[in-house]
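Scope of the values below: all heavy atoms of this structure, side chains included, with no hydrogens, waters or symmetry mates.
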Amino acid sequence: MVASGKLSRRSMLATAGATLAGGALLLQGSAAQAQTAAPRASSPSRRDWQSPGMPNRDYRPVIVPNGTKLPWKLVNGVKVFHMVAEEVEHELAPGLKVHCWGYNGQVHGPTIEVVEGDRVRFYVTNRLPAPTTVHWHGLLLPNGMDGVGGLNQKSIAPGETFRYEFTIRQSGTGMYHSHHDEMTQMALGMVGLFIMHPRRPVGPRVDKDFALMLHEWRVDPGTRRPDPNEMTDFNLLTFNAKAFPGTEPLVVRQGERVRIRLGNLSAMDHHPIHLHGYHFRITETDAGRIPESAQWPETTVLVPVGSTRSIEFVADAPGDWAMHCHMTHHLMNQMGHDLPNLIGVNPGGLDAKVRKLLPGYMTMGQTGMGDMVEMGMPVPTNSIPMSGARGKHDVITMGGMFTVLKVRERLTGDADPGWYENPPGTLAMAASTSELSQDGIDVDALPKAEPASPGGLAHG
C-alpha cells in the first residue's frame, strides 16, 4: 500500500485491469448496508492504491445545483460504480422538455466524486440504439482505459456492459463523456463532472464547494430533440443542463469560504463566467491546483472548451449576486442569428395589415428584447420566451447561462432563502425632485462631455 497520494505510472500500469474478491459494502451518501460480492477470477499482483476516501471524513462533498451524484459500493477496498447510457427526457428550462441521451436517467450524467489514491471500477451498460464509450477527460490512467472508441477499446455495442478500472492518481476537477460519435452523443447530453478530492488538504479549507457543467444546445422552436449538426447558432446555454429561470441559486452563509468548479464541454464556445460583487482567485485548472504564488485575482474566468477552472473567495458581501456567461447571446433562450434587426423601426400600420393573414401578429424588437416576458405572447409548442423571468424588483431580462449567488448573514439549511432584503439606503431607486435640485441636475438639459487633456478631465 502506498503511503502517500502520489502513485507512480509504472505501478499503476502494472495493475491495470486488476480485480478483487470479497465482501461488499454499499455506500450511497451517508447510508451503508452490507452486501456479498461474487468471487472474481483474478487478483492484483501488487496493490497500488490506498484505503478508500470517505465523505465527510476525508473530504467535504461537492454541491451540484440541479444535479445528482453517482452512487457507489465498496468491494474489498475498491469503489464500484454502475453507469447506464440511455435515452432521457430532460427539462432544459420550465416548459421546455427535450429527448436527450444521458447516464442513469440524468442529463447531464451524475457527478462522480472520488479521492486521490482510490481504486475505482466502472461498469458501463449501453442501452442506447448506437455504440458508445466513456472517456475519462483529464484523468491520468492506463492507455487501455482511456475510452476512445476504436483506438483504445472496442466500442460498447447496444446491450453490452464494459468494465473500466484504474487508480485515481491526482486531485482536481475532471470530466467524462462519450468518445464515440462524440459530435452526436455529447450534443445530446452525454457528459458529466468527475471530482477528485486530494488525499491531504491543499490550500484553505472551503465551506461550500459547488460544481457546474457548462453546455450549449440547439433546440429549434417546436422540436423535442437537440440538433447535433449545429456548429455556430446555439440557442440554449446551460449550467448543469438548466437554462435560467430553471437554474438553482448557489446559497452561501456570509463569511463562508466558497469554491466554484466550472467544467466546459460545450461543442464550440468558450465561456467567460463573470461573478458580480466579488473578486476571486483562480485556484485550479483541469491539471490541478495552481501554486498560491501563481494564482491571480479576477472577476471573470474564461473556461475554454474541454477545460475546467476553479475559483475561490470568501463570501463577505451579502446580497443576490448575478453569475453568468458574459457573451451576451449566451443569456438568451431559443434566439436565432437570422432574425432581422428591427431596432428603431416604426412599423406604422404593418401589424393591422398582417393580422388579416395572421391573427394576433405583433411586430417585436423595435426597442430590444427586454419586453418579451411581460408581453406574454404565445410561443410554438415546447418553446420558451427568449429571455427573462420575474425577479424581486422587476423582470430579469436574461436567460440561458445565468444563475444567482445568494449570500446571507443567517441561513436555515441550504434551501433558497428567497430574495435579498436590501438595508435602507443601499437600493438604487428613482431620484426625487428634491434630490435632483439639491445636486444641480437638470434632466431636460444635455450634459456636455469635456475633452480629455493630459491632466485628465476638468471638473467645475
Worked check of side-chain hydrogen bond (donor to acceptor under 3.5 Å, both in side chains) between T161 and T125: CA-CA 4 Å; T161 296; T125 299; 2.8 Å; yes
D320 vs K392, salt bridge (charged side-chain N to carboxylate O under 4.0 Å, His left out): CA-CA, chis, key distance, verdict: CA-CA 10 Å; D320 291 339; K392 177 184 178 183; over 6 Å; no
Working for side chain to side chain contact (heavy atoms under 4.5 Å, CB included), residues F244 and I396: CA-CA 10 Å; F244 186 78; I396 300 172; 4.0 Å; yes
Full working for ring pair (Phe, Tyr, Trp, His ring centres under 6.0 Å) between H177 and W101: CA-CA 11 Å; H177 60 82; W101 290 1; over 10 Å; no
Chi angles and distances behind the side chain to side chain contact (heavy atoms under 4.5 Å, CB included) call for R408, R410: CA-CA 5 Å; R408 298 291 188 273; R410 297 178 182 84; 5.9 Å; no
Residue pair R309, D286: steps toward the salt bridge (charged side-chain N to carboxylate O under 4.0 Å, His left out) verdict: CA-CA 6 Å; R309 296 289 185 268; D286 33 342; 3.3 Å; yes
Derivation and outcome, side chain to side chain contact (heavy atoms under 4.5 Å, CB included), residues N66 and F239: CA-CA 9 Å; N66 294 111; F239 285 132; over 6 Å; no
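F81 places a side-chain heavy atom less than 4.5 Å from the side chain of V114. The side-chain heavy atoms of P65 and L250, taken from C-beta on, include a pair separated by under 4.5 Å. When side chains are defined from C-beta on, W136 counts as touching F194, because their heavy atoms get closer than 4.5 Å. Side-chain contact check for V252 versus K406: every heavy-atom pair is 4.5 Å or farther apart. Two residues are said to be in side-chain contact when any heavy atoms from C-beta on lie closer than 4.5 Å; D146 and H135 meet this criterion. Between E312 and V258 there is no side-chain heavy-atom pair separated by less than 4.5 Å. By the 4.5 Å heavy-atom criterion applied to side chains, L214 and T238 are not counted as neighbours. Counting heavy atoms from C-beta on, the side chains of V407 and R253 never come closer than 4.5 Å.
Between F122 and V120, the shortest heavy-atom distance links the atoms CE1-CG2, 3.6 Å. Closest non-hydrogen pair, G174 versus L139, comes out as CA-CD1, 4.4 Å. Between S171 and H197, the closest heavy-atom pair is CB-C, 3.9 Å. Closest of all the heavy-atom pairs between Q153 and I156 is NE2-CG1, 3.9 Å. Summarising the geometry of P110 relative to N104, their closest heavy-atom pair is CG-CB, 4.1 Å, with the distance given to 0.1 Å.
Judged by distance alone, the side chain of E113 and the main-chain N or O of P55 form no donor-acceptor pair under 3.5 Å. Side chain of D227 to main chain of N229: a donor-acceptor pair is present (N/O by atom type, distance under 3.5 Å, no hydrogens or angles). Using modelled atom types, no side-chain atom of N240 and backbone atom of G67 make a donor-acceptor pair closer than 3.5 Å. Under a 3.5 Å cut-off, the side chain of H270 and the backbone N or O of V305 do form a donor-acceptor pair. Listed for the Q254 side chain is no donor-acceptor partner under 3.5 Å among the backbone atoms of A317. With E230 contributing its side chain and R218 its backbone, the two residues share no donor-acceptor pair below 3.5 Å. Listed for the N264 side chain is a donor-acceptor partner under 3.5 Å among the backbone atoms of S266.
Between Y278 and F313, the ring-plane angle classifies as tilted under the 30° and 60° cut-offs. Note on ring orientation: taking the six-membered ring where Trp is involved, the planes of H276 and H274 are tilted (angle from 30° to 60°). Taking the six-membered ring where the residue is Trp, W217 and H90 present parallel rings, their angle staying beneath 30° rather than reaching 60°.
Under 3.5 Å, the side chains of H180 and S155 contain a donor-acceptor pair of N or O atoms.
Remark: D58 does not engage R199 in a salt bridge, criterion side-chain N to carboxylate O under 4.0 Å. Ion pairing between R257 and D207 fails under the 4.0 Å rule for side-chain N and carboxylate O. Salt bridge R60/D209: absent, no basic N to carboxylate O contact under 4.0 Å.
Each of H215, H330, H326 was scored for a side chain to side chain donor-acceptor pair (under 3.5 Å) with H271, with one residue passing: H330.
Ring centroids of Y176 and Y103 are separated by less than 6.0 Å, placing the two rings close together.
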